[in-house]
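Reading through the structure tokens given below for one structure.
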Amino acid sequence: MDNKRRYSTEKKQIIIGVVTAVFFLFTAVSMGETLSPGRFISPDTCGDCHSEIHSQWQNSMHNLAHYDPIYVAVSEYLLGGLTDPDEIAESESCVKCHTPVGNITGYPLKTSDDRKKVSAMAAQAIQCDYCHSATGARKMENNGLILSPGQGEDDPGIKRGPYTDSESDFHATAFSKFHTSSDICGTCHNVSHVSFGTKLETTYDEWKKGPYNSTDPSKHITCQGCHMMQRPGIPATASTQRPPNKGRAADDGPMRDHVFTHVFVGANTVVPSGFGGKDKADMALERLQNSATLGLDTEKIKDGQLGISITNSGAGHYLPTGLTDVRQMWLDIRIIDEKNTTVFSRGALDKDGYVPDDAILYHTVFGDGKGHPVLNIAKAREVLKDKRIPPGQSVRENIEFPKNKAKQLTIIVKLLYRSAPQKVLDQVLGKGKQTLPIVTMEEIQTTLTL
Ligand code: HEC
Ligand code: HEC
Ligand code: HEC
Ligand code: HEC
Ligand code: HEC
């Protein structure tokens with residue numbers, strides 16, 4: 001080989017080397033970090049010493065986020081039939097939050113089979129070592145958690161939490177301000193469309209703008225301040241007591257004035273009970289029943305006018321929050337006369353179990369960018385409607401009904417909640433295959449003699 005050839009071959013190899021290095025560097029940065037699965041410790045191991053916290057977390061929505069049958073049905077429904085690459089990107093993004101250990105250890109969600117390929121540990125979804133290895137968040141949406149796990153059980157690394165004086169022989173401990181702030185929750189509880197940026201869930205933003213993100217420490221209530229204070233009989237909302245929970249954080253640990261609970265109860269009464277978590281379903285009921293208050297203005301009832309006020313007295317965010325394109329919270333209004341004849345009714349379910357179109361419903365509606373409502377969040381290019389109740393605030397609804405000659409009127413108003421519309425369940429799972437319970441959050445009744 002002459003010198004010139006050799007030189008050019010070497011140059012080619014160098015160029016290939018550089019290009020390969022740049023390629024790997026680029027993919028590493030653009031695809032985010034992938035960690036080896038062995039770096040995460042199973043929640044069962046944590047449960048050996050933190051047995052009470054483990055049993056609270058078991059069957060919680062965080063533990064069930066991967067198997068949750070409603071989530072599974074919706075994500076599989078979304079994966080089918082999309083052609084637009086921007087919509088496909090959104091439909092494949094779910095694992096980031098619903099199976100976060102799977103996602104960070106390299107499992108994508110490209111087909112519905114991918115979900116079945118994740119390890120048994122990753123299938124335990126949002127778990128101890130995932131949250132307690134977090135050091136901060138790089139953005140406040142779409143799960144921007146920065147993680148620093150150990151190297152597995154032989155070298156468990158630092159478990160971060162609320163204590164400044166905690167000691168364990170098994171793992172190092174450290175106080176973490178991040179764990180005591182709403183930010184650790186908010187990075188997942190703010191969901192935006194990965195391509196269009198449409199705000200799909202805004203629980204953290206709603207809290208941040210609201211009265212509980214107060215600069216006065218005595219009025220400031222974090223997500224944890226409600227959701228990690230709950231236990232049976234203590235719903236821990238803004239309208240109920242939130243007393244400290246004295247106990248031990250570890251079985252062999254010291255008595256503590258307060259240990260945060262790990263039940264992570266919101267409004268879901270269905271999914272945990274399907275996995276043996278009936279206690280969580282009961283707690284969700286208690287939470288919903290301490291979220292809102294109703295008031296009636298019957299001054300102009302003779303003229304066929306009724307005022308109803310609904311106050312978000314218990315929630316730290318809008319009512320409802322989260323997946324509000326799916327959640328249903330509505331008023332069921334009935335007025336009957338002295339003969340028990342219905343004079344007026346609005347919001348009663350129809351024969352299919354659907355909330356009627358004229359009902360007063362608090363929810364959000366997404367659009368396709370051209371003003372048409374869409375059910376498929378992958379296609380959500382705009383928010384068409386947002387009718388909900390901000391934290392601590394009231395809304396008033398003015399109802400008109402036909403004047404009549406009744407001597408006595410009884411007014412019954414209920415505020416109802418259902419996790420998903422029957423129509424959506426029929427569409428995704430097949431007609432009549434699944435029904436969901438309807439929770440009466442609040443009810444008010446009065447009888448007037450005219
Ligand atoms: C940034 C984090 C994040 C991503 C990404 C995400 N979700 Fe969620 N998801 C949540 C949170 C938080 C909740 C709980 C909100 C609530 O309860 O209202 C939730 C709840 C749900 C529920 C309600 C389950 C039930 O039992 O009622 C469904 C269905 C769901 N998500 C589907 C999806 C699908 C499909 C995708 C992907 C297209 C996805 N999610 C992507 C955070 C996320
Ligand atoms: C969604 C994230 C998340 C998950 C999952 C989670 N924790 Fe926590 N944990 C927290 C936060 C946040 C705090 C501190 C709350 C605060 O200070 O406001 C905490 C507190 C703790 C503490 C300190 C004592 C206490 O409760 O106040 C221990 C110990 C603990 N967690 C262990 C565990 C174990 C064991 C598991 C699994 C069975 C687990 N955690 C799952 C977020 C989580
Ligand atoms: C061999 C027993 C043991 C095991 C296993 C164990 N811990 Fe601990 N952990 C403790 C003890 C003891 C404490 C101290 C409790 C206290 O200070 O009240 C503790 C404290 C903690 C704290 C509080 C840290 C702080 O500074 O606020 C967190 C968080 C925690 N553990 C998480 C975990 C997680 C996550 C796992 C599983 C990966 C785990 N622990 C496994 C014994 C254990
Ligand atoms: C890694 C992302 C992630 C983090 C961090 C996280 N969550 Fe969640 N959370 C979810 C997902 C996903 C769901 C929904 C699971 C499902 O529906 O299957 C959920 C569900 C919940 C629910 C139950 C909602 C319902 O409909 O009943 C509550 C309450 C909740 N989270 C509170 C918190 C709090 C408080 C924190 C902070 C301490 C937090 N979450 C941190 C992702 C996260
Ligand atoms: C002042 C108490 C309080 C605070 C603070 C609070 N919540 Fe809630 N949360 C509630 C109540 C009450 C409900 C039940 C009513 C409802 O669904 O909104 C609820 C429900 C939820 C739900 C279930 C919504 C649904 O219908 O599916 C999620 C998810 C949730 N909260 C997450 C959070 C997160 C994340 C934060 C912090 C950013 C937070 N919460 C702060 C009281 C609170």
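Each ligand, and each atom within it, is numbered from 1 in the order the structure gives. As a basis for the values below, the full set of heavy atoms in this structure was taken, side chains included, without hydrogen atoms, waters or symmetry mates.
Proximity of Arg248 to ligand 3 is not established, as no heavy-atom distance is less than 4.0 Å. Using a 4.0 angstrom heavy-atom cutoff, Gly186 does not count as in contact with ligand 5. Heavy atoms of Ser419 stay at 4.0 angstrom or farther from ligand 1. Ligand 3 has Thr45 within reach: a non-hydrogen atom of the residue lies less than 4.0 Å from it. The shortest heavy-atom distance from Asn312 to ligand 5 is not under 4.0 Å. For the pair Pro156 and ligand 3, no heavy-atom separation below 4.0 Å is found.
Backbone and side-chain nitrogen or oxygen atoms of Pro162 are examined, and one is located within less than 3.5 angstrom of a nitrogen or oxygen of ligand 3. Geometrically, ligand 5 and Arg327 share a nitrogen or oxygen pair separated by less than 3.5 Å. Ligand 3 has a nitrogen or oxygen under 3.5 angstrom from a nitrogen or oxygen of His50. Looking at Ser93 next to ligand 1, no N or O pair under 3.5 Å apart turns up. Checked by distance only, ligand 1 and Leu323 come closer than 3.5 Å through their nitrogen or oxygen atoms. For ligand 3, one of its N or O atoms has an N or O atom of Ser166 under 3.5 Å away.
Short contacts between ligand 5 and Ala267, defined as distances under 4.0 Å to a heavy atom of the residue, involve ligand atoms 17 (O), 23 (C), 25 (C), 26 (O). Listed by atom number, the atoms of ligand 3 under 4.0 Å from Tyr163 heavy atoms are 18 (O), 25 (C), 26 (O), 27 (O). Near Cys94, meaning under 4.0 Å from any of its heavy atoms, are these atoms of ligand 1: 34 (C), 35 (C), 36 (C), 37 (C), 38 (C), 39 (C), 41 (C). Numbered from 1 in the order shown, with element, the atoms of ligand 1 that lie under 4.0 Å from a heavy atom of Asn142 read 1 (C). With ligand atoms numbered from 1 in the order given, ligand 1 contributes 24 (C), 25 (C), 26 (O) to contacts under 4.0 Å with heavy atoms of Asp68. For ligand 3, the atoms sitting less than 4.0 Å from at least one non-hydrogen atom of Ala174 are 25 (C), 26 (O), numbered in the order shown with element in parentheses. Shown in contact with Val74 at under 4.0 Å from a heavy atom are these atoms of ligand 1, numbered in order with element: 29 (C), 35 (C). When each atom of ligand 3 is checked for a heavy atom of Pro254 under 4.0 Å away, the hits are 16 (C), 18 (O). Per-residue contacts place Ala250 under 4.0 angstrom from the following atoms of ligand 3 (heavy atoms of the residue considered): 10 (C), 11 (C), 12 (C), 13 (C), 15 (C). Close approach to Gly314 involves these atoms of ligand 5, each under 4.0 Å from a residue heavy atom: 1 (C), 2 (C), 12 (C), 42 (C). Of all the atoms in ligand 3, the ones that sit under 4.0 Å from a non-hydrogen atom of Cys49 are 1 (C), 2 (C), 3 (C), 4 (C), 5 (C), 42 (C), 43 (C). Near Arg160, with a cut-off below 4.0 Å to any heavy atom, the atoms of ligand 3 are 29 (C). Interface of Val271 with ligand 1, defined as ligand atoms under 4.0 Å from a residue heavy atom, comprises 26 (O). Within the listing of ligand 1, atoms 1 (C), 2 (C), 12 (C), 42 (C) sit less than 4.0 angstrom from a heavy atom of Cys188. The contact set between ligand 3 and Ser168, taken as ligand atoms under 4.0 Å from a residue heavy atom, comprises 9 (N), 10 (C), 11 (C), 13 (C), 19 (C), 42 (C), 43 (C). Less than 4.0 angstrom separates some heavy atom of Ile41 from each of these atoms of ligand 3: 38 (C).
The nearest protein atom to atom 25 (C) of ligand 5, hydrogens excluded, is given as Tyr417 OH, 3.4 Å; this is a heavy-atom distance. Remark: minimum distance from atom 17 (O) of ligand 3 to any protein heavy atom is reached at Arg256 NH2, 2.7 Å. Distance from atom 18 (O) of ligand 5 to its nearest protein heavy atom, with residue and atom name: Leu319 CD1, 3.2 Å. What sits closest to atom 12 (C) of ligand 5 on the protein, heavy atoms only, is Ser291 OG, 3.4 Å.
The cationic group of Arg256 lies under 6.0 Å from the six-membered ring centre of Tyr163 and within 45° of the ring axis, placing it in a cation-pi geometry.
A side-chain donor from one of Ser239 and Thr237 sits under 3.5 Å from a side-chain acceptor of the other. Between the side chains of Arg39 and Ser133, no donor-acceptor pair of N or O atoms lies under 3.5 Å. Tyr204 and Asp183 form a side-chain donor-acceptor contact under 3.5 Å, judged by distance and modelled atom types alone. No donor-acceptor contact under 3.5 angstrom links the side chains of Asn290 and Glu286, judged on distance only. Counted by atom type alone, Ser394 and Ser309 present zero donor-acceptor pairs between their side chains at under 3.5 Å.
The pair Glu400-Arg346 fails the salt-bridge criterion, with no side-chain N (NZ, NE, NH1 or NH2) lying under 4.0 Å from an Asp/Glu carboxylate O. In summary, Asp282 and Lys278 engage in a salt bridge, as defined by a charged side-chain N under 4.0 Å from a carboxylate O. Between Arg327 and Glu201 there is no salt bridge, since none of the side-chain N atoms of the basic residue sits less than 4.0 Å from a carboxylate O of the acidic one. Taking a cutoff of 4.0 Å between a charged side-chain nitrogen and a carboxylate oxygen, Asp426 and Lys423 do not qualify as a salt bridge. Taking the charged nitrogens against the carboxylate oxygens, Asp205 and Lys208 have no contact shorter than 4.0 Å, which rules out a salt bridge. A salt bridge is absent between Asp386 and Lys199: the closest approach of a Lys/Arg side-chain nitrogen to an acidic carboxylate oxygen does not fall below 4.0 angstrom.
The nearest N, O or S atom of His98 is closer to atom 8 (Fe) of ligand 1 than 2.8 Å. Put simply, His171 gets within reach of atom 8 (Fe) of ligand 3, with an N, O or S atom under 2.8 Å from it. Within the coordination shell of atom 8 (Fe) of ligand 3, defined by N, O or S atoms under 2.8 Å, Cys46 is absent.
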From CA spacing to verdict: side chain to side chain donor-acceptor pair (under 3.5 Å), Thr321, Thr203: CA-CA 6 Å; Thr321 193; Thr203 304; 2.7 Å; yes
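Atom CG of Asp113 has more than 12 heavy atoms from other residues, nucleotides or ligands within 6.0 Å. For Asp165, the CG atom counts as densely surrounded, since its 6.0 Å shell holds more than 12 non-hydrogen atoms of other residues, nucleotides or ligands. More than 12 heavy-atom neighbours from other residues, nucleotides or ligands sit within 6.0 angstrom of NZ on Lys431.
Of the heavy atoms in Thr324, none comes closer than 4.0 Å to ligand 5. Counting heavy atoms under 4.0 Å from ligand 3, residue Pro43 does not touch it at all.
With a cut-off of 2.8 Å, the protein N/O/S atoms near atom 8 (Fe) of ligand 5 add up to 2.
Classification of the His179-His132 ring pair by plane angle, with boundaries at 30° and 60°, yields parallel.
Relative to atom 24 (C) of ligand 3, the option among Lys159, His179, Glu167 with the closest non-hydrogen atom is Lys159. Counting only non-hydrogen atoms, the option in His189, Met61, Arg242, Glu286 that gets closest to atom 35 (C) of ligand 5 is His189. Considering Phe170, Phe40, Tyr130, Phe260 only, the shortest heavy-atom separation from atom 5 (C) of ligand 3 involves Phe170. Proximity annotation for atom 10 (C) of ligand 5: of Arg287, Lys208, Arg418, Met228, Arg287 comes nearest, heavy atoms only.
Taking the six-membered ring for Trp and the full ring otherwise, Phe260 and His262 have centroids separated by 6.0 Å or more.
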